[in-house]
Amino acid sequence: MIKALIIDDEPRARNVLHQLIISFVPEITEVRTAASVEEAKGVLEFYQPNLVFLDVEMPHQNGFDFLQLPNNPDFDVIFITAHNQYAIQAIRFSALDYLLKPISPEDLKEAVKRHQTKSESSRQRKMLFENLAANIDKRDVKDFRLAVPSSEGVFFFLVHEILRLEADRNYTIIHLINKRPFIASKTLKHFEDMLAKFRFIRTHKSHLVNLDHIIRISNNNEFIILSDGSRIEVSRRKKDEVQRQLNI
């Protein structure tokens, strides 16, 4: 049983999402709505949701202002946005979820399923929200801090600190500069999609590498050598792409 709160300044958007929940998400058993951040804060005084659907673009105070809460939040958040690419990138880098308007029933159901599998504590959620607020204030996406939940807690680091990422079944081993590697509970494909614009290249089905840390490629083009001395395999079908990226 999930209690939800919808925060959106557009009456039609609130009503459409409410009806989608009633029709397609029986796991959500109670829904309240709010038309502004201020109204939502009032609702929270007497209603304790497990899940908040939060519109990003609202007048006066936007969805990110709502996250400036004084206490550790007891609810998860799924952001709602209409193709704001900067906001989407900031949300993804903060290990948070979002839905694009117009919301499809399938996307909604999948987002609620992801919510049900999460296990962050209220303290960890607050850390993720704080990271998102910091990312939104940055002028350039390359300065975003990447949040990566793992079994050991939540790790935060800058993209340029990543040497490479290595697939380990449905997990990913992240190798950093001058830090010990750790295992993230996301697939390598998840990170490939997120880091594609940041000079990362798939050299092999198991390896995603930061181009800025490649110092040379072997004579037979079967390995690349990184700045930490590690040798990473280049698959046959990836050789041409690697050579092109390295301007060889």
Side-chain angles (χ1 to χ4, degrees), residues 1-10 13-14 16-18 20-21 24-25 27-101 103-104 107-137 144-149 153-154 156 185-186 190 194:
M1 291 170 43
I2 300 171
K3 295 168 63 178
L5 171 62
I6 300 169
I7 307 173
D8 196 314
D9 64 298
E10 299 177 11
R14 293 196 302 273
V16 167
L17 179 52
H18 195 170
L20 286 173
I21 290 171
F24 298 100
V25 191
E27 297 89 346
I28 297 179
T29 55
E30 188 175 351
V31 180
R32 302 290 175 89
T33 64
S36 67
V37 170
E38 198 60 37
E39 184 179 341
K41 289 179 180 178
V43 172
L44 290 176
E45 291 180 4
F46 62 87
Y47 180 65
Q48 295 182 326
N50 311 109
L51 179 60
V52 173
F53 294 94
L54 180 60
D55 187 30
V56 169
E57 295 91 7
M58 291 187 289
H60 309 302
Q61 290 180 293
N62 63 31
F64 303 119
D65 294 321
F66 174 75
L67 298 180
Q68 307 305 308
L69 300 169
N71 301 310
N72 288 345
D74 291 326
F75 50 79
D76 190 13
V77 171
I78 296 175
F79 293 89
I80 311 295
T81 185
H83 302 283
N84 182 331
Q85 291 302 318
Y86 192 83
I88 289 171
Q89 191 80 296
I91 291 166
R92 293 190 72 194
F93 264 60
S94 300
L96 297 166
D97 209 350
Y98 68 94
L99 289 167
L100 285 176
K101 292 181 178 180
I103 299 169
S104 75
D107 288 345
L108 174 61
K109 289 189 289 185
E110 287 301 316
V112 173
K113 284 182 182 178
R114 288 193 293 270
H115 157 72
Q116 292 177 297
T117 63
K118 288 184 177 180
S119 59
E120 296 104 350
S121 66
S122 59
R123 178 178 173 275
Q124 288 175 329
R125 278 194 295 269
K126 187 169 180 61
M127 291 169 63
L128 296 178
F129 293 164
E130 289 172 346
N131 188 62
L132 173 60
N135 282 347
I136 286 294
D137 286 340
F144 285 177
R145 274 203 320 168
L146 182 63
V148 181
V154 182
F156 299 91
S185 53
K186 296 287 185 182
H190 168 86
M194 190 183 300

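- Looking at Asp9 and His60, their side chains never come closer than 4.5 Å, going by heavy atoms from C-beta outward.
- To the nearest 0.5 angstrom, Asn135 atom CG is 9.0 Å from Leu146 atom CG.
- Note: Thr33 OG1 to Leu5 CG = 7.5 Å, rounded to the nearest 0.5 Å.
- For the pair Ala133 and Gln68, the tightest heavy-atom approach, listed with the atom from each and the gap, is CB-NE2, 3.5 Å.
- The local environment of NZ in Lys109 is crowded, with over 12 non-hydrogen atoms from other residues, nucleotides or ligands closer than 6.0 Å.
- Tyr86 is linked by a ring-ring contact (aromatic ring centres under 6.0 Å, His included) to Phe144, counting only residues two or more places apart in sequence or in another chain.
- Annotation: side-chain hydrogen bond (donor to acceptor under 3.5 Å, both in side chains) contacts of Asp76 (sequence neighbours excluded): His115, Lys118.
- In this structure, Glu10 places its CD atom where more than 12 heavy-atom neighbours from other residues, nucleotides or ligands lie under 6.0 Å away.
- Taking Arg145 as the reference, nothing meets the salt bridge (charged side-chain N to carboxylate O under 4.0 Å, His left out) condition, with sequence neighbours excluded.
- A search for ring-ring contact (aromatic ring centres under 6.0 Å, His included) contacts involving Phe53 returns nothing, not counting sequence neighbours.
- At least one side-chain heavy atom of Leu108 sits under 4.5 Å from a side-chain heavy atom of Val112.
- Contact detail for Ser94 and Asn131: the closest heavy-atom pair is OG-ND2, 3.3 Å.
- With sequence neighbours excluded, the residues forming a side chain to side chain contact (heavy atoms under 4.5 Å, CB included) with Glu110 are Lys113, Arg114, listed by chain and number.
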Trace of the side-chain contact (heavy atoms from CB on, under 4.5 Å) decision for Val77 with Leu96: CA-CA 7 Å; Val77 171; Leu96 297 166; 5.7 Å; no
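- Rounding to the nearest 0.5 angstrom, the gap separating the CG atom in Leu99 from the CZ atom in Phe79 is 11.5 Å.
- Of all heavy-atom pairs between Gln61 and Glu38, the closest is OE1-OE1, 3.8 Å.
- Rounded to the nearest 0.5 angstrom, Ile136 CD1 and Phe93 CZ are separated by 12.5 Å.
- The CG atom of Asp8 sits 8.0 Å away from atom CG of Leu17, with the distance rounded to the nearest 0.5 Å.
- The shortest side-chain heavy-atom distance between Val43 and Ile7 does not fall under the 4.5 Å cut-off.
- Put simply, the side chain of Tyr47 gets close to the backbone of Ala4: a donor and an acceptor are under 3.5 Å apart.
- Minimum heavy-atom separation, Phe75 to Phe129: O-CZ, 4.2 Å.
- The closest donor-acceptor contact from the side chain of Asp137 to the backbone of Ala134 lies at 3.5 Å or more, if one exists at all.
- Using a 4.5 Å heavy-atom threshold, the side chains of Thr81 and Leu100 count as touching.
- Electrostatic pairing of Lys101 and Asp55 counts as a salt bridge here, judged by a charged N lying under 4.0 Å from a carboxylate O.
- Nearest heavy atoms, Pro149 versus Ala95: CD-CB, 3.7 Å.
- Atom CZ of Phe46 sits about 5.5 Å away from atom CZ of Arg32, to the nearest 0.5 Å.
- In this structure, Pro49 and Leu44 approach most closely via the heavy-atom pair CD-CD2, 3.5 Å.
- Phe156 places a side-chain heavy atom less than 4.5 Å from the side chain of Leu128.
- Exactly one of Leu51, Ile2, Ile6, Val25 qualifies for a side chain to side chain contact (heavy atoms under 4.5 Å, CB included) with Val31. That residue is Ile6.
- Partners of Lys3 according to the salt bridge (charged side-chain N to carboxylate O under 4.0 Å, His left out) rule, which considers only residues two or more places apart in sequence or in another chain, do not exist here.
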Verdict with supporting geometry, Lys186 and Val148, side-chain contact (heavy atoms from CB on, under 4.5 Å): CA-CA 9 Å; Lys186 296 287 185 182; Val148 181; 5.9 Å; no
